[in-house]
Structures are given as structure tokens and as C-alpha cells.
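The analysis underlying the following values was restricted to heavy atoms, covering all of them including side chains, and did not include hydrogens, waters or symmetry mates.
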Amino acid sequence: MLKTQELTLNLGPHHPSTHGVFRCVLNLEGEYITKAVNHLGYLHRGIEKLAESRTYTQFIPYNGRLDYVAGMLNEWAYVMAVEKLMGITEEIPERAEYIRVIVGELQRIASHGIYFASMALDVAGASAWFYGFRDRDEVLDLLEMVSGQRLMHNYMRFGGVAADLPDGFMNKLDKLLNKLPAAIEEYEGILLGNEIFRARTVGVAPVSREMALDYGFTGPNLRASGVDTDLRRDEPYSVYDRFKFNVPVRQNGDTFDRVIVRIEEMKESIKIIRQAMEGIPEGPVMAKVPKVIKPPVGEVYSRLENAKGHLGFHIVSDGSTKPYRLRIYSPCFVNIGIFPEMAKGLHLMDAVVALASLDIVLGEIDR
Amino acid sequence: MDKIVDREALVGELNQKFGNCAEVFEDNTNQSIKVKPEKLVEVMQELRDNPKYDFKVLMNLNSVDYPENFTVVYHLNSLTHLHKLTVKVELDKVNPQVPSITSVWNAANVQEREAYDLMGILFTGHPNLKRILLVDDFVGHPLRKDWKMQA
Amino acid sequence: MQISNTIATGLKDWLMGMGFSATTTEMIATAVWTLAVILFILLNLIVLVWLERKFSAFFQQRRGPNRLGPAGFLQFPVDIVKVLGKEDIIPAAADKPVFRIASITLFITAILAWAVIPLGEGMILEDLNIGIFYFIAIGSTATISLLMGGFASNNKYSLLGGMRTVAQMISYEIPMVFSLLGVIMMVGSLRLSDIVKAQEHMWFIIPQGIAFIIYFIATVAETNRGPFDLAEGEQELVAGYFTEYSGIRYAIWMIAEYGNLVAVSTIASIMFLGGWNAPFGLTFIPPFLWLLIKIYFMIFLFMWVKWTYPRIRIDHLMHFGWKFLIPVSLANILVTGVGIYIYRMITG
Amino acid sequence: MDVIKENQVEELVQNNIIMSTVEAAFNWCRSRSLWPLTFGLACCAIEMMATADTRYDLARFGSEVFRPSPRQCDLMIIAGTITKKMQPVVQRLYEQMAEPRYVLAMGSCAISGGPFTDSYNVVLGGDTFLPVDVYVPGCPPRPEALIYGILQLREKVANPKKIARLKANG
């Protein structure tokens, strides 16, 4: 029988579609992948070690640098963990919690906007890429308004948020929320309804329910595989128990479902923000917390539904001002673990799209 | 707040099934048990497959360098019962070895490699225990407390 | 056309008068024509790249280049000068002679195709009686250049790109030729000027609409443009077969690709859109300009498609080519043949 | 044998008007058409993409042609933290680029290591191993800042003499 020689292809760390510096060594039979090996760590900055030499407060800005497309949610996750450790979860003013929900969901929309954009780029629909970024910029304007920065907000504080919402924020937010549904419709028109896009994604790289659980999928990826779970609904943190929203779940777990779940989530986020806008009370935005953060001895594991999945912080405190050990459970790091399994037998072109559909951010993978 | 498992009963059942292997671990979270490393894989298998516990998700795998020992911490979660459990394994300070649980959850694969890379804990039976984040010729394991950065 | 004819004959007469032999005169006239074609392609190129950038910006809700020249029109000439001044890298492990000639052979084939393409009545170097056949034959050789470039670079991405090109171009050559056959059958001649003359009253896009669509799809694949730009699929193959090319060689690839684009657009205008025939009796616009307008309309279609659709997967591409386009184009030929037969029966 | 003095060579070059005019023209063209490499390392890469997108539109300055292949681009924007594992790759990419090539360090990580200076795996800035032409500070810099940086690089490329004079005067 005729047999072609296997080709070893080094995808990355510099490659247009590895979303940064992910590297994957592929064995190709023709253009079909027979074996894939992940190589990570090209962006490993040792944040967990750095945390041990920073005070609790000093570490807040680092969170934005983890998952740099959803900085606000990362900060929130960390702040929430420390608050739990300090036992001040109950004391946070309601207004602060509402603000957190609003900025968190805005950040989720921005993150999914980038997801849509990079997905579009990876199927070479270059124009759709610009649409995703266009709307993300609008969202970032609002986040910049509250925090002063576009990406690295450093807005969350233990016990609340750094500052109250600025004047005119609500008006702008209202305008944006009126605009967004049309934008999402545009996404569906330009890419999701496209015949070629469907051919490229439907049924490609499916992840079954069992496999998703086994590989530790979380968040939208898990929901795309038919597991109905969402921390915001199942273990409501902050004030999420007061909002009504759906948890989009898809059954096939293929690339297309992973995209659709996120698009649906954007719509749900808009709903949540609307409700938060209506229910937001007046009052302070910071609880009374000690000047020097010194959590008691002990440990905490706290998770938050990030744009990519469950972002967990395991903090071990020895009673000093610095964490004894801080572990970041990064959803992307675990999600990427499935890629070698997923890529097997895929066409090279599909593998690139499947990788994009996992929504990886290298800053969070390598930390 | 988190739903808490009845740890006493759980430990009792595990001990009955696998011999003396687990005990309640007292800490501030009130959801930890301590398991002997030799029985870890069986215990994890049981925790995952027994519908009474149904810990289908390995939430987190962490390693901590305490002054007296290395501790590997497994955070488990159940999607059906919505309860959580922390499993801790205390390891020798000189030669930290623990059986790999990749056979139970594939999710542990990358996390164990990371713990090996940064903390130097050996996971016996791991299919591919190599450095994952650092370069292959890196000296030492940076997350250990006694590790100092070379100039 | 009268003007160009006068120029051509005038030039020839003048050369003969200078005492050159007939052969030499012919050669000089050919050289002048070739230069004119190259100039035409290059001038087109400037407009084309500008259009491409502006159109893509329009589709992407941006502005596009707008600093150099009116509306950024001079951006591309500046780019070209810059590229000419770049270092020309030949990778150490490359197959050097092949690497060197690959881009040039593509350029030559792009130029050669122009030998039979008329830009107006009589504005043609050689009105071959098998003009369209010649065009197709020359066009097919472009495949080899792309494979040469991909293979010689000794880069895996380039190699994959080259292989994809061969598979894709050979597959799509067939429906392209078949789609043209319908027109040829209706005219009964392979000569391009005959084909244009036959469309004085009705453009062939009306009876041969399906063939036009097939031709359009096939040429998108032939010219390696989106959504069929698999050979240079940036997302997985970095830049495909020209990944390793830099400086002037890279520029030649680009120029040749745009040259091919203009060539297939011209052929489409001639075969289906009536060539330089003015529609609706709008004869006050010179025929040459009419042809140019039609060419640019075709190019706009190409760009529209490219900046709208995502890239298709190669096996879908193959399925589409072999299982859909070829049968449809064959059916089109059959229907055309039957139609011609019936028409002849009626008209006698 | 005649010994050519140092400034004599320069004089010769300066007197050779045609040569210098051509060179100046090339430099001017180079400065107006800086094609960046599609190359992102970390957070700043997102802002780099934002610079190319609808609102900021780097294309206005002719720099929207992000080439994924290092052979065909002129400008390497180091956007993000360079780790010790990544450093050889960055170095290799720079070597693969065709002359003339320029390097722009975007963000504090690429300038000095940024917030990660005391980490065990971070290289303290791109200029420790690459000749950086322009620094754009910020963490991450805003897209406007990156555009400004590219415009500064444009001045630098177009007027090499001015830069040399500035350097000589300290």
C-alpha cells in the first residue's frame, strides 16, 4: 500500500493563529493530524511565585495581566477569594456588588467579542474580525470610564470597588446596551449564518459530555458539550441570585456549538446588566476594611465564572500580609489539555479553528 | 455558601472499604479530608464513581510547600449534589512522591505536570511527567520556599 | 481602436521607412507591445491594490490608507519602492536555482497570457485563431511556478501551500475550461475578437449565465483569492508558498498574482460581458474604456467575495469542484449543444 | 598608500549627491510603509490588534499590512513580556527579518520587564538582546500611543542624519 511520509510541523510559538505564544508540534499525514503535542510556557512569568513576595493589595493589578482580555473578572475572582479568606463577604455594600456585576458582565461581553473576532480571523473571515473589535472598543470605553484603563483596570478592592460609577455612566451604558443586540445580530449575519463557516465548524472536533468532564472543561466549553452548569446560577456569588437569566446549553460540543454558546451568553449578559441597572441601590461602594490586609491563618478555594470558565484561586495564608501560597486555577490551562486529543485526525485547517474555539488566552495558561 | 459533605461518614466508609486510609483534616474550610498517598487512586476512583458522592469534576490540583511537609491539595466538586470536598495528601519533604490520578481524571494531567515543574513533586505513574512551563534545563523548582533565583 | 491601430501601423511604417527589415520591425513592435502590457499591468496594479485596500477598509468599517496622495492613492507605489530596497534573502537550505526562478516564471506566464488578450478592437499583439486555447494553456503553467516556489523554499508551510495549490488549480482548471466551452460552441471560433464580435447584440452572460457563475467560482480558485486562498492560508500556513520570499521576489509574486487577476477578469469581460461592445447604445464612451469598466466590475466582484467569506476547507473545495462544478459545467455544455441544435433546426 | 581619514569617507558620500538622494528617497518610502510582523506575546498584543482595528485604523498610515512571515515585514513590535523560554524565538524571528528592519518595544514588559522584573523567567526588556528603535511606554500603551510610536519611528527612518546628530550631541 502507498504510504506517505509523516511530516512534523511546528505550529508556533510564532504563528498567526496560536493566539500568542502557544506552540504545538503536529505530526501530519498529508494534511491530517496524527499526533499533536502541546508545548506551553512561552509566556510563563512566574506570577504565582511573585504573589508570595507581594502584599495582598499589591497583587490585585497582576490579575489583569493573567487573562488580559477579561481583566475585570480576574480581579473580581481574586478579590472574592481574599474576601472569603478574611470573612468579610457579608460586609460588602450592595452597591459595590451591583457595580461588580455590571463591569463584570461588560467585561464578559468584551471577552466574547474578542473570541468572536479571533474565531472569525481563524476561519479567514477577516472582515468579521473588525466587527468584534469594534463593539469591544465600545465596551472598553465604559470600563475605561470607571477605572481609567482599557485593559488592566485595577478597579476591584477588598470590600468593594475603587470608585463609584462616574457621572453619565448609566446613560452611556444604556446607549451601549441598546446598540449591542443589533451588533450581535450583525455577527450572526456575517459569520454564523454563512454556509462556509457552518461547513468549517458544524461537527468539527466534537467533545462529548464525558470527555469534557474528564478533561476538566469548565464554563462555556462545558456548556457547549451539554452540561448544564453555571456558577452564577448554581452557586450564586455576589448578587447573582437576584437576576433572572438563562444558561445557554448546546448538545453537540462541536466547534459551532462552542461559538453559539458564547454568542448566546453575550445576550444573557445584556439581560443581566439591564436588571442590575434597574436594581442598583444608592450607598457606599467600599466596606470598612483594615488598612493593612492581614487575613487569618487558613486557606480558601474560591471560584468565579470567568469568560473562559471557572477561575479559581486557592490561597493559603499564614497570617502575614503576603499570601503563603497562591494558586491560580486557570480554565484555559486545563482546557488546552484536551487539544492533543481533539486534534487527532483533524485537518490542519480545522485544528486551527478548533483551537480558536476553545478560547485560550496564553497569559492565563502560562501565568 | 458551599454545601458541606458529612466528612465523618465519608471517612468512615472509605476506611471500611480501603483499610485505614483517610481521616478528617481540620482546617478553616471544614471540607477537607486527608488521604494516605498509597490509597489515593482508589479513593479518588471511589469518590468519582460512587453516586452518593459523585465528584465528577476535579476543580483544582495544587501543591503547597509547608515547613513540615509538601501537601498536594485536590479540590473536588459534584455537579449533581453541588457539594465540594478537599482531599489533601501530605508528602515527605525530601522525596515527595504521590501516585498520579491521571487515570481517574485526564484533567489532572497538565496540572500534575505543572506541580512537578514548579514544585518538584513526583507523580508516579504519570504518562508524561516532563517540565511543562519552564525550559527543560531549568535548575530547581521555583515555587519551593527554599528555591533562590540564580543571578 | 482606430487610434491604436494608427499608432501600430504608423510605428511599423516608420520603422520600415527607417530601413529595418520586416522581421525586425515585427520584433520591435512586439517589444513595444510587451512593454505597453507590462506598463498596463503595473498601472492597473497601483489602482488595484489601492482599490483592494479601500474596499477592504470599507467592508471593515475603516478608512484605509489616506495619508499619502489623494485618499492614500500613492501608498502602494511607496510600498513597492520600499520592497525593492529590502534585503533579498535566499534561505541557506533552499533549492537556490529553483527558488530564484520560481517567482519570475509566474511573472512570465502572467505576461505571456496577455499576448492574445485584446484591449480593444485591434489592440492585440497576435489575434491567434486559437486565442482562448492559448490563454488556458499558458494559464495552467502557473501551477508549476507555485509548486516550484513552495518546494524550493524548503519550508514545511511553503511545501504544504505548494501542494494545496497544485491540487486546487488542477481541479478548478477543468470547470473553468468547460464553462468557456459553452461560449466557444455558440460562437464557433476560438478567436477572441470573433467572440467579442458575436456579442454585439447580446452578451453571453444571458444565455450562458450558469457558465459565467462557474467561470467566476473557478477563477477565484485559479487566482488563489479568498475564499479559495488555501495556498497562502495565513491562518495555518503563515503565507503559503511565498513564506520565505522577501524583497523584490516577494513583490514579483504579488505583481504576478494581480496580473493574473486582471487577466482572468479581462477574459471574463470578453467572454461573457460583451468585451468592448457598448451596452444600451452608449457609444460615446470609447470601447477601450468600456472594457476597462467591465474588467473593474469583475475585479470588484472578486474583492467583494474575498472580503466577505471565510476560507473553505480543502476537502470541501475538492468536493465542490469535482462533484458539483464539473457535472454542472458538463450539463451546461450539453444544454448549450442541444440549444444550438434546436436553434439551427428552427432557423435552418 | 593613501590613508583615508574617517570624515573623508563621509565627505565623499555626502558629495555624491545622486547616491544620497536615492538613499533619502528610499528612506522616505521605508518610513511611509512600515509593515509590522503579526507577532504578539502577551497583553500588549491585544492593544496592538486594537490599533489595527476599526476605531484606530493603523491602515491610515500604510501600516495595516501585518505580514505573518518575518521575511516580508519591516517592523517587529515586541508586544508583551519576553520570557526566557521565548527569548531565543524572538531573537530568531528578528534574524529572519529582511534588512532594513526595525524594532519597537511596546509596553513596559518589552522595555524593562515591567511588573515582572523580579520574576525568575522574564527577560528584562527587549533591548537586552535586540536593537530597539522606539520605546512606547505603558502597561499596556493605548493604541494612540502605539500609533505615535510608529510615527516617531517614521521620523527616525526618514531622517537618519538627524538621529545621528542628536546622538552625537548626547
Using a strict cut-off of less than 4.0 Å between a Lys/Arg side-chain nitrogen and an Asp/Glu carboxylate oxygen, indicate whether [X] and [Y] qualify as a salt bridge.
| X | Y | result |
| --- | --- | --- |
| B:E46 | B:K39 | no |
| B:K34 | B:E90 | yes |
| A:E299 | B:K88 | yes |
| B:K130 | B:E112 | no |
| B:K93 | B:E68 | no |

Relative to the ring of A:F59, is the ring of A:Y62 parallel (under 30°), tilted (30 to 60°) or perpendicular (over 60°)?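 Parallel, since the angle between the ring planes stays under 30°.
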
Measuring heavy-atom distances to chain A, does [X] have an atom under 4.5 Å in its side chain, in its backbone, in both, or in neither?
| X | result |
| --- | --- |
| B:V64 | both |
| B:N128 | neither |
| B:L143 | both |
| B:N60 | both |
| B:L118 | side chain |
| B:S32 | neither |
| B:V135 | neither |

Is [X] close to chain B through its backbone or its side chain, or both, or neither, when contacts mean heavy atoms under 4.5 Å?
| X | result |
| --- | --- |
| A:L85 | side chain |
| A:V316 | side chain |
| A:Y324 | both |
| A:E341 | neither |

For chain B, which candidate among A:Y42, A:Y329, A:Y237 shows the most heavy-atom pairs at distances under 4.5 Å?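 The candidate making the most pairs under 4.5 Å is A:Y329.
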
Top of A:N335, A:N38, A:I336, A:V334 for chain B proximity - count of heavy-atom pairs under 4.5 angstrom: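 Highest number of pairs under 4.5 Å: A:V334.
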
Atom NZ of B:K145: over 12 foreign heavy atoms under 6.0 Å: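 Yes, the 6.0 Å shell around NZ holds more than 12 heavy atoms from other groups.
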
Based on non-hydrogen pairs under 4.5 Å, which of B:K56, B:Q111, B:R113, B:R131 is most in contact with chain A?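 Winner by heavy-atom pair count: B:Q111.
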
Quick one: which of B:D117, B:L58, B:L134, B:L61 has the most heavy-atom pairs under 4.5 Å with chain A, could you say?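 Of the candidates given, the most pairs with chain A belong to B:L61.
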
Under 6.0 Å from the six-membered ring centre of A:F333 and within 45° of its axis: does the NZ or CZ of A:R367 meet both?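 Yes, A:R367 lies over the aromatic ring of A:F333.
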
Do B:F55 and B:H83 have ring centroids that are under 6.0 Å from one another?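 Distance test on ring centres: under 6.0 Å, yes.
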
With salt bridge (Lys or Arg N to Asp or Glu O under 4.0 Å) as the test, would you mind laying out the steps for A:R233 and A:E305 before giving the verdict? CA-CA 10 Å; A:R233 184 197 60 196; A:E305 183 82 25; over 6 Å; no

